[in-house]
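Only one structure is covered here, and it is reproduced in the block below.
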Amino acid sequence: MSETTTRTEWPLWEVFVRSKAGLDHKHCGSLHATDAQMAIQLARDVYTRRQEGTSVWVVRSDQIIASDPGDKDMYFDPMEDKVYRHPTFYALPREVDHM
Amino acid sequence: MYTQAMDTLGKEGGDAAPRPVRSAAEAALQQRFDARIDDGGFIEAKDWMPDNYRKTLVRQISQHAHSEIVGMLPEGNWITRAPTLKRKAILLAKVQDEGGHGLYLYAAAETLGTSRDEMIDALHSGKAKYSSIFNYPTLTWADVGTIGWLVDGAAIMNQVPLCRCSYAPYARAMIRICREESFHQRQGFDALLVMMRDGSDAQRAMVQDAVNRWWWPSLMMFGPPDAESTHSTQSMRWGIKRISNDDLRQKFVDAAAEQAKVLGVTLPDPELKWNEARGHHDFGAIDWAEFWNVVDGNGPCNRERLADRVKAWDDGAWVREAALAHADKQRQPMKEAA
């Protein structure tokens with residue numbers, strides 16, 4: 001959405017929450033806010049009312065570049081036949097199989 | 001509310017009849033979509049979906065969101081009058097949750113291409129509906145507990161199957177909501193239990209009176225009987241709805257009948273009794289004329305609720321404008337300096 005179309009509606013932000021130290025930030029939803037500071041504040045109020053997080057990221061939704069779901073097959077299927085990328089592809093003698 | 005939205009479409013609906021397919025390319029997309037639904041798979045926001053699937057979801061999710069937001073009003077009335085500081089803190093947290101649930105749901109609906117402003121406009125102009133249960137008044141403190149026990153109890157029963165809804169952003173929102181909602185029902189039952197066990201006769205009578213008034217409207221929350229629920233079949237086919245209105249209602253009656261015994265209240269239905277053969281409780285006929293009357297805008301509080309909602313929105317306009325102006329101003333000096 002461009003700057004001009006959001007004149008009355010506050011811009012949309014995506015919210016990512018790290019539930020505890022050591023884990024990844026995970027997408028948990030979105031919200032409207034006028035600026036980054038407000039987005040962080042609202043993210044805390046809306047998405048961590050029960051201590052669900054120790055850290056929050058917000059990013060403007062229009063800043064996220066996503067792969068096209070229409071290209072899903074073309075993008076991801078080439079990896080389907082590359083079974084040799086998995087450790088289980090290699091059957092080793094029992095004596096060394098813990099490697 | 002929740003499945004009610006599918007039966008009380010409001011005026012924004014359009015027809016839900018499937019449109020004839022236009023091209024071979026679209027037929028292929030439709031086929032893939034149907035296969036994914038049949039496999040129990042999920043549809044994500046950017047995936048292809050039939051227009052009517054999108055429209056039905058926008059309607060259902062936005063009306064669900066409106067219900068959460070309007071649902072803050074009847075209980076909000078009691079925040080300043082809660083009997084103890086503990087009950088006040090609990091009620092504040094609950095009403096704040098309802099606001100949060102409304103926001104999760106508006107965000108889920110927005111992934112389908114509608115805007116927050118459009119949805120709010122539809123609510124305020126009366127085009128969109130919200131759950132008719134919130135058009136009943138909260139006359140006493142016992143109403144707050146009864147809403148938790150019966151209204152939130154019915155809502156949870158309706159909402160749990162929505163966690164498996166085929167539209168993934170809605171399903172994810174529902175998982176969060178259900179996780180938070182069970183406290184709502186428990187706190188209500190707890191508040192009633194305290195009055196029934198440790199209260200005065202007057203307080204016990206107050207609880208019974210609240211239960212008498214909320215019982216039938218709670219049963220109506222599941223929507224019209226299956227035989228008259230015109231849109232249910234399509235929604236079941238699409239995996240939006242998983243369990244029928246009547247099945248959910250029966251499940252609720254069975255659970256509530258047992259809970260009422262623990263509480264020591266009588267449910268206001270002389271025909272309510274255990275049916276050994278069916279393995280369920282039988283219950284009396286629901287007054288659907290009342291239901292449709294409230295849906296059509298003639299319930300005890302329809303006008304008051306909508307007026308309160310519109311007033312809150314209008315009174316907050318200057319805050320929304322000021323916040324935008326502030327954000328603009330923060331950006332401005334950098335441009336001028338450059």
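Residue numbers begin at 1 in each chain, while the letters A, B, ... track the order of the sequences.
- Looking at B/R179, there are no atoms closer than 4.5 Å to chain A (heavy atoms on both sides), in backbone or side chain.
- When A/E52, A/K72, A/H32 are compared by the number of non-hydrogen pairs under 4.5 Å with chain B, A/H32 comes out ahead.
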Atom pairs and distances, side-chain donor-acceptor, residues 18-28 of chain A, under 3.5 Å, sequence neighbours left out:
unit_1: A/R18; atom_1: NH1; unit_2: A/L23; atom_2: O; d: 2.5
unit_1: A/H25; atom_1: NE2; unit_2: A/S55; atom_2: OG; d: 2.7
unit_1: A/H25; atom_1: NE2; unit_2: A/W57; atom_2: NE1; d: 3.3
unit_1: A/H27; atom_1: NE2; unit_2: A/E14; atom_2: OE1; d: 2.7
unit_1: A/H27; atom_1: NE2; unit_2: A/G29; atom_2: O; d: 3.2

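- Residues B/Y104 and A/Y47 place their aromatic rings such that the two centres sit under 6.0 Å apart.
- The parts of B/Q96 that come within reach of chain A are both its backbone and its side chain, each placing non-hydrogen atoms under 4.5 angstrom from that chain.
- Taking the side chain as every heavy atom from C-beta outward, B/R176 and B/H101 never approach each other to under 4.5 Å.
- Under a 4.0 Å N-O distance rule, the pair B/D308/B/K311 does not qualify as a salt bridge.
- No side-chain donor from either of B/T111 and B/Y170 sits under 3.5 Å from a side-chain acceptor of the other.
- When heavy atoms are compared at a cutoff of 4.5 Å, A/Q37 does not approach chain B at all.
- Looking at B/E321, there are no atoms closer than 4.5 Å to chain A (heavy atoms on both sides), in backbone or side chain.
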